[in-house]
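Below is one structure, written out as structure tokens, with a few remarks after it.
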Amino acid sequence: MILVLVGVASGMTTALFGFGGGFVAVPVLVWADAALGEDAARVAVATSSVLMVIAAAVATVSTPPAVLAPLRGSARLLGLLAFGGALGALAARHVPGDVIAAGFVAYLLLTIASVTVRPGFLEPAVDGARPVPTVAGLPIGAVASFLGVGGSVVTVPMMRRNGHRMAVATALANPLTLAVALPATTVFLLLSGGRPVGAGPGFVGAVDVRAALALLVGSLPVIVVLRRRGPRLSDRAHARWYVGLLVVVTVAMAATLLR
């Protein structure tokens, strides 16, 4: 039941802010699978990849085509995101779980500092700006899949500084996240080296299927409803809520690590 309720929150952040599967779920999955010890973080990242694929796909399909128009002609960017996603997932297999968890927190702290200190994020922006640079696809994909944070943690601030309103930046983050999460999930499912030691039934490789299903039951209906008829937020408020959620997730993950 806790995971279903977290799924509702995850669906809200996916639809309104472009992140959800990994960003919200990783700290909770680390807590839910804490009995696995160091493998808990690896399981959380692998499971969050599955969540990101499904949630990002549903959010993308539920977005009006006109909003997705800026991604036309972005095949090279999507390809590099996918390649980076596969590389990051491969790297995560060879790194201790506590290193991944610490990296997750460190990356969020850097992102919070960047969006609050550097100009161009909190103030209202104007549409029609530059898209995400193609060459950025590889590092974005690698970092996102390695840490399980989702590509939107990088792409939303980047698109925001390039002039997009928050509503557009967060909507475009879903298909970009899908490009990262799909190959990463494939790697985790095929090359995760079997279930973690001490894992109970319901695991496919390093993916906690039961936890993923509970989170999806809560998130998918919310994503569809909010993508089609979401609340009206001012651009400035939307940006500030985004930063606030970054802080909440960082605190939650740090508290889990300090237990």
Side-chain angles (χ1 to χ4, degrees), residues 2-3 5-32 34 40-41 44-45 47-48 51-52 55-56 59 98-125 140 143-161 164-174 176-177 180 215 218-219 222-223 226 230-259:
I2 291 174
L3 290 176
L5 294 175
V6 170
V8 173
S10 177
M12 293 177 63
T13 60
T14 297
L16 297 177
F17 301 99
F19 59 77
F23 208 63
V24 174
V26 165
V28 179
L29 288 168
V30 169
W31 163 78
V45 172
T47 306
S48 74
L51 297 172
M52 283 190 286
D98 55 352
V99 173
I100 295 175
F104 184 96
V105 174
Y107 189 81
L108 293 186
L109 288 172
L110 289 173
T111 301
I112 292 169
S114 175
V115 298
T116 54
V117 175
R118 295 177 58 191
F121 185 86
L122 292 176
E123 67 271 16
I140 290 174
V143 171
S145 64
F146 180 77
L147 299 178
V149 296
S152 63
V153 183
V154 182
T155 58
V156 169
M158 186 178 297
M159 286 187 286
R160 177 71 168 163
R161 291 195 182 92
H164 289 290
R165 291 182 297 111
M166 282 295 296
V168 175
T170 54
L172 296 181
N174 292 134
L176 296 178
T177 296
V180 174
L215 289 164
S219 65
V222 176
I223 291 172
L226 291 182
R232 294 183 178 180
L233 293 174
S234 70
D235 192 69
R236 187 183 298 274
H238 203 163
R240 292 183 176 181
W241 274 104
Y242 183 95
V243 177
L245 285 172
L246 288 176
V247 174
V248 169
V249 174
T250 302
V251 171
M253 188 62 174
T256 300
L257 292 175
L258 294 174
R259 282 177 47 183

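Computation of the quantities below employed the complete heavy-atom set of this structure, encompassing side-chain atoms and omitting hydrogens, waters and symmetry-equivalent molecules.
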Which atom pair, heavy atoms only, marks the closest approach of [X] to [Y]?
X      : Y      : result
Ala254 : Val105 : N-CG2, 4.1 Å
Val180 : Ala144 : CG1-CB, 4.0 Å
Asn174 : Ala56  : O-CB, 3.4 Å
Val222 : Gly11  : CG1-C, 3.8 Å

Compare all side-chain heavy atoms of [X] with those of [Y] and state whether any distance is below 4.5 angstrom.
X      : Y      : answer
Thr13  : Val249 : no
Met166 : Leu233 : no
Trp31  : Ile2   : yes
Tyr242 : Pro157 : yes
Met159 : Leu176 : yes

query: By side chain to side chain contact (heavy atoms under 4.5 Å, CB included), which residues pair with Val143, not counting sequence neighbours?
result: Tyr107, Leu147

task: Please identify each residue that fulfils side chain to side chain contact (heavy atoms under 4.5 Å, CB included) with Leu16, with sequence neighbours left out.
output: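 Partners of Leu16 by the side chain to side chain contact (heavy atoms under 4.5 Å, CB included) criterion, ordered by chain and then number, come out as Leu226, Pro231.
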
query: CG/Leu110 to CG/Leu246 distance, rounded to the nearest 0.5 angstrom?
result: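 That separation rounds to 12.0 Å.
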
query: What do you reckon, is CE of Met12 surrounded by more than 12 foreign heavy atoms closer than 6.0 Å?
result: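 No - once you tally the heavy atoms of other residues, nucleotides and ligands closer than 6.0 Å, there are 12 at most.
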
field: Partner of Arg160 by side-chain contact (heavy atoms from CB on, under 4.5 Å), out of Val115, Thr170, Asp235, Thr155
entry: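 Among Val115, Thr170, Asp235, Thr155, the one meeting side-chain contact (heavy atoms from CB on, under 4.5 Å) with Arg160 is Asp235.
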
- request: For Phe17, check ring-ring contact (aromatic ring centres under 6.0 Å, His included) against everything at least two apart and list the hits.
  value: His238

query: For Thr116, which residues count as a side-chain hydrogen bond (donor to acceptor under 3.5 Å, both in side chains) partner, sequence neighbours excluded?
result: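 Residues passing side-chain hydrogen bond (donor to acceptor under 3.5 Å, both in side chains) with Thr116: none at all.
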
- request: Apply side-chain contact (heavy atoms from CB on, under 4.5 Å) to the pair Phe121 and Val243, showing each step before the final yes or no.
  value: CA-CA 10 Å; Phe121 185 86; Val243 177; 3.6 Å; yes

